[in-house]
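So you know, we letter chains A, B, ... as the sequences are listed, proteins then strands, and number each from 1. Quick note: numbers below take in every heavy atom, side chains included, and nothing from hydrogens, waters or symmetry partners.
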There are 2 protein chains.
Amino acid sequence: MAEREVDRSVSQTVKAQLALRDQILSGALRPGERISELQAVETTGASRTPVRMALVRLEEEGLLEAIPSGGFMVKAFSERDISDSIELRGTLEGLAARFAAERGVSARELEPLKECLAAIDELLRQVPISVDAFSSYVTLNARFHAVLTELSRSPPLIRQIDRASALPFASPSGFVMAQSALPEAQQILIIAQEHHRVVIDAIENREGARAEAIMREHARLAVRNLRLALRNRTHLDLLPALALIKTATD
Amino acid sequence: MAEREVDRSVSQTVKAQLALRDQILSGALRPGERISELQAVETTGASRTPVRMALVRLEEEGLLEAIPSGGFMVKAFSERDISDSIELRGTLEGLAARFAAERGVSARELEPLKECLAAIDELLRQVPISVDAFSSYVTLNARFHAVLTELSRSPPLIRQIDRASALPFASPSGFVMAQSALPEAQQILIIAQEHHRVVIDAIENREGARAEAIMREHARLAVRNLRLALRNRTHLDLLPALALIKTATD
DNA sequence: CTCTCAGCTATTGTATACATAACGCATACA
DNA sequence: TGTATGCGTTATGTATACAATAGCTGAGAG
């Protein structure tokens with residue numbers, strides 16, 4: 001048969017994984033819903049083998065859950081799961097910051113971090129923050145965290161942080177915040193930015209303990225922030241929100 | 001054809017995953033070595049599809065690494081990778097201990113922990129520690145850590161700790177220690193045990209910060225311990241050592 | 001003697017066929 | 001009318017066939 005359209009530029013497995021992740025994050029597949037392989041085959045355009053590999057990867061990634069009787073379902077997360085994940089990530093990033101500080105980082109390596117800092121500063125200067133500006137902020141902030149993580153020079157740690165980021169990055173805290181137009185939002189972002197500034201300083205001066213403490217405080221701020229935002233909303237439809245904001249924010 | 005022996009009591013995928021993990025940890029497959037699917041099919045008795053799923057899982061687990069041109073190879077770890085992983089796990093377990101303390105744990109839930117404690121106490125009473133006793137210690141210690149992790153009541157955290165445990169649990173620190181008959185070994189285990197005792201106390205009294213600090217110190221001890229053990233050996237053949245001690249120790 | 005290119009082989013990526021188990025529905029009996 | 005059982009359908013687990021690519025080997029030329 002094979003009238004299937006085959007895109008040879010990227011492996012079928014990866015294609016299926018990306019497509020399925022999109023479907024999950026966009027809310028096309030709702031939490032708790034069973035994923036039909038056959039249906040996934042149709043929507044992704046790959047055949048069953050790559051689809052199954054993608055499903056296994058997504059399960060390991062934490063977005064899916066294996067059903068004992070067979071197959072997979074979209075994992076459902078509680079509010080506490082999300083906030084725990086944010087705190088978890090903050091803890092790991094704290095360790096990364098400490099490693100970076102203790103192991104030393106050249107001025108050249110700190111450059112990208114400072115660039116993010118400056119760019120975000122620029123964005124935050126406007127009041128109130130536009131949607132576009134907020135979106136840029138989200139991207140820049142994600143980049144800041146990614147670069148900081150890399151500076152730890154610890155592959156196992158970097159790997160763990162990547163894994164731990166799935167939920168916080170997908171978490172709608174920033175989105176919810178922006179949507180509910182929290183009066184405190186601007187204020188919160190400025191505090192977060194201050195954290196960024198101070199952590200760079202701590203790393204520069206090789207103060208590991210201080211760098212770590214700041215990142216953890218940073219995460220705790222994000223958790224408070226999430227709770228605050230959630231309280232202002234009657235209903236939190238987590239997954240659909242993820243369609244709109246796919247990168248982390250705090 | 002199908003003269004293949006099929007064990008229907010457990011899925012082929014799981015069977016293949018366990019078999020391959022054993023091969024890796026036993027050193028039958030050396031770090032950096034490419035894993036041949038065909039060979040894996042022969043040694044595991046499963047067919048290619050379950051083998052591939054197992055390979056993907058092992059990759060996500062961190063034991064394998066994907067080769068860009070295709071296939072997988074056994075991941076090689078540096079001494080720093082191992083020690084970073086131990087510290088990483090300690091950090092996460094610190095968070096777990098804090099969660100447990102802050103969220104409260106009933107006396108009944110602490111019972112298994114205290115049982116481990118008592119059992120290990122019993123083992124450590126003998127001097128010097130026999131190989132059997134040491135082996136029992138390793139098992140009990142792993143159980144202690146697992147139970148403690150569960151007490152956090154945080155699925156995302158538990159999941160991460162499980163993932164982070166792959167390396168430390170496989171790490172030969174205890175094995176090396178026992179083999180090199182470190183004079184300090186007994187002493188170190190006693191200190192570790194003291195950590196266990198104190199962390200239970202902290203959790204009982206709901207002192208989150210103290211519980212966390214102890215677990216992190218506990219990990220730092222394990223790292224020092226590993227470094228010490230490694231210094232006493234001219235050569236560390238990591239993976240084969242794993243054949244002999246498959247559970248964590250510190 | 002060495003380097004390069006071509007062809008082959010072996011291994012992976014993908015697709016699909018087959019087997020088996022689970023779920024649902026319908027029917028019959030209590 | 002409700003429950004239980006059996007059959008059928010559907011989906012997953014597994015195996016294998018097919019396709020494509022990467023690496024290797026050998027031969028030929030410089």
Checklist entry - Do A:Glu115 and A:Arg143 meet the salt-bridge criterion of a basic N to acidic O distance under 4.0 Å? => result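 A:Glu115 and A:Arg143: not salt-bridged.
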Next on the checklist: Once side chain to side chain donor-acceptor pair (under 3.5 Å) is applied, do any residues pair with A:Glu61, and if so which ones, sequence neighbours excluded?
Outcome noted: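 With neighbours one apart ignored, the set is A:Gln17, A:Arg21.
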For the pair made of [atom1] in [X] and [atom2] in [N], what is the distance, rounded to whole Å?
X       : N      : atom1 : atom2 : value
A:Met53 : C:dG13 : CE    : C1'   : 8 Å
A:Met73 : C:dC23 : CE    : C1'   : 17 Å
B:Gln12 : C:dT20 : CD    : C1'   : 13 Å
B:Lys15 : D:dA15 : NZ    : C1'   : 13 Å
B:Glu59 : C:dG13 : CD    : P     : 11 Å

For nucleotides 7-12 of chain D, give me every protein contact, N/O to N/O, under 3.5 Å, one pair per line with atom names.
| from | atom 1 | to | atom 2 | distance (Å) |
| --- | --- | --- | --- | --- |
| D:dT12 | OP1 | A:Ile35 | O | 3.4 |
| D:dT12 | OP2 | A:Glu37 | N | 3.3 |

Next on the checklist: Could you report the tightest heavy-atom contact between B:Leu88 and A:Pro156, atom names first, then the distance?
Outcome noted: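 Distance-wise, the nearest heavy atoms are CD2-O, 4.0 Å.
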Item to check | Side-chain N,O (A:Thr49) to OP1/OP2 (C:dT16) below 4.0 Å | outcome: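 It does not, given that no N or O in the side chain of A:Thr49 lies less than 4.0 Å from OP1 or OP2 of C:dT16.
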Next on the checklist: Taking salt bridge (Lys or Arg N to Asp or Glu O under 4.0 Å) as the cut-off, I'd like each qualifying pair that reaches into residues 148-159 of chain A, sequence neighbours left out, listed once.
Outcome noted: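 Sorted pair list: A:Glu109-A:Arg153.
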Checklist entry - When you measure from the side chain of A:Asp81 to the backbone N and O of A:Ser78, does any donor-acceptor pair fall under 3.5 Å? => result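 Flag set: sc A:Asp81 to bb A:Ser78 pair under 3.5 Å.
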Next on the checklist: Would you call the rings of B:His196 and B:His145 parallel, tilted or perpendicular, taking 30° and 60° as the class edges?
Outcome noted: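 It falls in the perpendicular class, over 60°.
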